[in-house]
Amino acid sequence: MRCWGMIRSPHLAGLFTFATILCTAAILLWMGREMICTCGTVKLWHGETVSSENSQHIWDWYTPSHVLHGILFYGLLYLIAGKIALGWRVLAATLVEAAWEILENTEMVIEHYRSATIALDYYGDSVLNSTSDILAMLAGFCLARFVPVRIAVLAVVLAELVTLYIIRDGLALNIIMLLYPLDAIKIWQGG
C-alpha cells in the first residue's frame with residue numbers, strides 16, 4: 001500500500017517532470033547540441049526565422065507551436081487518461097515533448113527539414129531553446145487546464161493564423177512538411 005501512495009504523490013510526479021527536463025538537456029548536450037547560440041549571446045526573443053540564430057534563443061516564432069503542443073496534450077490526456085492524477089499527465093506530456101526535442105535534433109530530422117522546407121540555415125536547436133520549448137509546452141498545458149475549452153481552441157486557431165501570416169509556418173504546416181513534404185507549400189513558404 002505504501003508504494004501506491006508514492007505513485008499517487010503529485011510531488012513525485014513533479015520531481016520526475018523536472019528530472020525529465022534535466023535529462024533531456026543532458027542528452028542534447030551529449031548529442032553535440034550547443035548550450036546557447038554560437039553567436040555568444042542569449043536573447044529572450046529572436047524573431048528572424050531565416051537565420052542561423054533561429055531556434056537558438058529562448059523564444060522565437062516556433063514557441064507558439066510548443067504552447068499548442070501543451071494545449072493539445074492536455075486535451076488528449078484528459079480524454080484518454082482523465083482519471084489519472086494531473087501531475088502524472090503533466091509528466092506524460094513532458095516525456096512526449098522531451099522525446100520530440102531529442103528526435104527533432106537528430107541529424108536525420110535536421111537534414112529532412114533542410115531538404116523539405118525553406119529552413120536552409122537550420123542546424124538544430126540549442127539546449128536553451130529546446131528547454132524553453134518544453135517549458136512553453138508546459139505553459140500551454142497549464143493554460144488548457146485553467147481556461148474554458150472554447151478559449152483553448154481559440155488560442156490554437158489564433159496562434160496558427162498569426163504564425164501562418166507572419167512567418168508562413170506553424171504547427172500544422174510543420175507536421176505536414178515533416179511527414180509528407182509538398183512542393184506547393186515549400187514554394188509558398190519561400191515567398
Side-chain angles (χ1 to χ4, degrees), residues 24 27-28 31-34 37-38 43 45-77 79-80 92-141 143-144 149-191:
T24 303
I27 290 167
L28 291 168
M31 290 171 55
R33 299 287 99 212
E34 298 289 337
C37 180
T38 56
K43 297 177 187 172
W45 170 259
H46 181 77
E48 190 178 334
T49 57
V50 183
S51 161
S52 60
E53 292 185 41
N54 189 42
S55 297
Q56 299 302 301
H57 298 283
I58 297 172
W59 295 328
D60 55 41
W61 280 112
Y62 293 96
T63 302
S65 71
H66 294 280
V67 173
L68 298 186
H69 291 173
I71 293 170
L72 296 171
F73 292 162
Y74 178 84
L76 182 64
L77 287 166
L79 290 174
I80 65 172
T94 304
L95 287 167
V96 172
E97 187 74 7
W100 167 247
E101 287 299 324
I102 292 167
L103 178 65
E104 177 186 35
N105 284 287
T106 62
E107 286 304 316
M108 177 186 73
V109 174
I110 291 169
E111 285 304 318
H112 180 74
Y113 273 132
R114 285 187 188 150
S115 66
T117 70
I118 61 167
L120 301 176
D121 288 336
Y122 180 69
Y123 60 92
D125 297 0
S126 68
V127 175
L128 174 67
N129 182 261
S130 287
T131 303
S132 297
D133 289 346
I134 295 170
L135 295 175
M137 181 281 300
L138 288 170
F141 194 98
L143 177 71
V149 172
R150 67 182 178 279
I151 300 297
V153 170
L154 181 62
V156 170
V157 171
L158 283 176
E160 282 292 273
L161 290 175
V162 168
T163 54
L164 273 174
Y165 179 74
I166 294 174
I167 65 167
R168 295 182 181 227
D169 207 354
L171 180 58
L173 283 185
N174 212 305
I175 292 168
I176 291 167
M177 294 303 282
L178 182 65
L179 299 177
Y180 190 76
L182 298 171
D183 287 337
I185 293 174
K186 185 176 180 178
I187 292 166
W188 177 75
Q189 287 180 320

Quiz prompt | Check: Tyr122 main-chain N/O paired with Arg114 side-chain donor or acceptor under 3.5 Å | solution = yes

Quiz item: Could you go step by step and tell me if Glu97 and His66 meet the side chain to side chain contact (heavy atoms under 4.5 Å, CB included) rule?
Solution: CA-CA 8 Å; Glu97 187 74 7; His66 294 280; 2.6 Å; yes

Quiz item: Between Cys37 and Ser126, what is the shortest heavy-atom contact and its length?
Solution: N-CB, 4.3 Å

Quiz item: Judged by atom type as modelled, is there a donor-acceptor pair below 3.5 Å linking the side chain of Gln56 to the main-chain atoms of Gly124?
Solution: yes

Practice problem: Could you grab the distance from atom CH2 of Trp188 to atom CG of Leu182, nearest 0.5 Å is fine? | Solution: 12.5 Å

Quiz item: What is the minimum heavy-atom distance between Tyr123 and Ile110, and which atoms define it?
Solution: O-CD1, 3.7 Å

Self-check item: Asn129 (side chain) donor-acceptor with His57 (main chain) under 3.5 angstrom
Solution: yes

Practice problem: Over all heavy atoms of both residues, which pair between Thr163 and Glu160 is shortest? Give the atoms and the distance, please. | Solution: OG1-O, 3.2 Å

Quiz item: Heavy-atom distance under 4.5 Å between the side chains of Val157 and Leu161, does that happen here?
Solution: yes

Quiz item: Side-chain contact, heavy-atom cut-off 4.5 Å: Leu68 with Ile71?
Solution: yes

Self-check item: Ile134 and Thr94, any side-chain heavy atoms less than 4.5 Å apart
Solution: yes

Quiz prompt | Thr24 side chain reached by Thr131 side chain, heavy atoms, under 4.5 Å | solution = no

Exercise. Under the ring-ring contact (aromatic ring centres under 6.0 Å, His included) rule, collect the residues that match up with Trp59, sequence neighbours excluded.
Key: none

Self-check item: Distance (rounded to the nearest 0.5 Å) between Ile176 CD1 and Ile185 CD1
Solution: 4.5 Å

Exercise. For Thr63 and Ile58, work out which heavy atoms get closest and say how close.
Key: OG1-O, 4.2 Å

Quiz item: Would a distance-only check, ignoring hydrogens and angles, find a side-chain to backbone donor-acceptor pair under 3.5 Å from Asn105 to Glu101?
Solution: yes

Quiz item: How many angstroms lie between atom CD1 of Ile167 and atom OG1 of Thr49, to the nearest 0.5 angstrom?
Solution: 5.5 Å

Quiz prompt | Within-4.5 Å side-chain heavy-atom neighbours: Trp100 and Met137 | solution = no

Quiz item: Looking only at heavy atoms, what is the nearest atom pair of Leu103 and Thr106, with distance?
Solution: O-OG1, 2.8 Å

Quiz prompt | Partners meeting ring-ring contact (aromatic ring centres under 6.0 Å, His included) with His112 (sequence neighbours left out) | solution = none

Practice problem: Kindly say whether Val127 contributes a backbone atom to a donor-acceptor pair with the side chain of Ser130 at under 3.5 angstrom? | Solution: no

Exercise. Report yes or no: does Ser65 contribute a side-chain atom to a donor-acceptor pair with the main-chain N or O of Leu171 at less than 3.5 Å?
Key: no

Quiz item: Which pairs pass side chain to side chain donor-acceptor pair (under 3.5 Å) with one or both residues in residues 169-185, sequence neighbours excluded?
Solution: Tyr62-Asp169, Tyr113-Asn174, Asp169-Gln189

